[in-house]
2 protein chains.
Amino acid sequence: MATKHDPTSGPRAAMIGSAVDLIRERGVAATSFADVLAHSGAPRGSIYHHFPRGKSQLVEEATQAAADRLGRGVERVLDATDTVGALRALADVWRRGFETSGYRAGCPIVAAALGTEPGARSIAGTTFDTWCSLIATKLTVEGVGSARASSLSVLIVSALEGALVVAQAQGSTTPLDTVVAELELVCRAAVSR
Amino acid sequence: MATKHDPTSGPRAAMIGSAVDLIRERGVAATSFADVLAHSGAPRGSIYHHFPRGKSQLVEEATQAAADRLGRGVERVLDATDTVGALRALADVWRRGFETSGYRAGCPIVAAALGTEPGARSIAGTTFDTWCSLIATKLTVEGVGSARASSLSVLIVSALEGALVVAQAQGSTTPLDTVVAELELVCRAAVSR
DNA sequence: GTCTATACGAAGATAGAC
DNA sequence: GTCTATCTTCGTATAGAC
């Protein structure tokens, strides 16, 4: 039977998914077990059965799950188009997320990076690095020298994450659109040389 | 007597200053009154005397105080040199802050933007906007067209704030240095055209 | 795996004395 | 302005039954 031990279903997965949603909205410190249980509908008695290390473990697994999901999304759009097209596609996803959530849901990796769980903080650090590598590799394929591709990828990830923070604080997608347009100019100049 | 009603001294100012420090390290939600009292040495009985609206008020005033302080710093470096020089000067300040705090203290405005107090969130939004305007004005003086200056300033603020988050998560100032170097290239290209 | 009950501490906030 | 005491709610975590 294929559904046995399916890590994407069941109360455990539901709790992780809810933790991601709530952390995006309120941050790590303000997300409690009670919130996660109410949001996921998971049974009360199974928290420390599924997560023996308690909140640290839940937050770490939620951060890792969000990192994996977002990382797959980045890989997918980088495979489908060029760097500039990928930038636009990613901005579209975030723009929609802001509009449908009323600017309540931000990036879960930023929330983890600034949160109260050291384990999750360090997962956020390596996640940013992974994203930079994916983008740098793509830029290299497009003809950018490896040193420049590496530093440009750091600018892209930083600017995008910063734009999400600014956009959320201002309740407007304009900063995000502006930053993507500026990054497009930089990428084009770097590729065509 | 000149020290009468001095808003920069006394228990009230000490509490605001401590709140800024603690919010930078732990975020808004994880910063409690007990923490602020212990850190500032302020008397316990005066919390709701000085801040009748409680934690919301303290966090809002702390965010505004930090915004004013940082805004004056930005104005100062923009007056002293050109945009590129200001970028380097600001990066120096943050680099030192990370190194002396063991990468514990981040940007208080980002913390407010992602925190649990709506009032402070909105102060963060207008603060980002103020910084963008300051930088855009400087770029205009340096010969950049006003539309481009405006969008470039959004890139600069977003990339800088994003770089702070990435640098803190990775426990390294390298992302900050890399982003500033990339922003320098963009600024030079925009000015000399 | 899930339940209830509970321990234990900390949070924000208020009341009234000094 | 500052104190102590207290209220109430909520947080994480554990114990032991089912």
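Predicted model only: the values in this text are computed from it and were never measured. Order of the sequence lines fixes the chain letters, A, B, ..., with proteins taken first and strands second; residue numbering starts at 1 for each chain.
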Side chain of B:Tyr48, heavy atoms from C-beta onward: which of D:dG11, C:dT2, C:dG12 has the nearest atom to it? C:dG12
Rounded to the Å, how far apart are A:Leu58 CG and D:dA13 P? 10 Å
Tell me the interatomic distance from B:Phe33, atom CZ, to D:dC10, atom P, rounded to whole angstroms. 18 Å
Evaluate the side-chain proximity of B:Arg53 to B:Glu60: yes if any heavy-atom separation is below 4.5 Å, no if none is. yes
To the nearest Å, how far apart are B:Asp35 CG and C:dG9 P? 17 Å
Taking atom C1' of C:dG1 as reference, at what distance in whole Å does atom CZ of A:Arg12 sit? 13 Å
Would you call B:Val154 and A:Glu182 a side-chain contact if the rule is heavy atoms closer than 4.5 Å? no
Any donor-acceptor pair under 3.5 Å linking the side chain of A:Arg148 with the backbone of A:Ala190? no
Take atom CE of B:Met15 and atom C1' of D:dT2, then tell me their distance rounded to the nearest Å. 12 Å
State, with a plain yes or no, whether a side-chain heavy atom of A:Trp94 is found less than 4.5 Å away from one of A:Val180. no
Can you check the A:Arg53 CZ to D:dT12 P distance for me, whole Å? 15 Å
Taken to the nearest whole Å, CZ/B:Arg26 to C1'/C:dA11 is 14 Å
Taking for A:Pro52 and for A:Ala30 the nucleotide of DNA chain D with the nearest heavy atom, the one nearer the 5' end belongs to A:Ala30
Can you see if the side chain of B:His49 gets near the phosphate of D:dC3 - specifically, an N or O under 4.0 Å from OP1 or OP2? no
Exercise: do A:Ser32 and A:Asp35 side chains pair donor with acceptor under 3.5 Å: yes
Choose from C:dA11, D:dT2, D:dC3 the nucleotide whose nearest atom is closest to any side-chain atom of B:Arg44. D:dC3
Rounding to a whole Å, what distance do you find between B:Leu37:CG and D:dT4:P? 12 Å
Is A:Thr31 touching bases, backbone alone, or none of the nucleic acid, heavy atoms closer than 4.0 Å? sugar-phosphate
Using OP1 and OP2 only, check whether a side-chain N or O of B:Ser32 sits under 4.0 Å from C:dA10. no
Any side-chain N or O of A:Ser46 below 4.0 angstrom from OP1/OP2 of C:dT2? yes
Go through C:dA13, D:dT12, D:dG11 for me and flag the one nearest to the A:Lys55 side chain. D:dT12
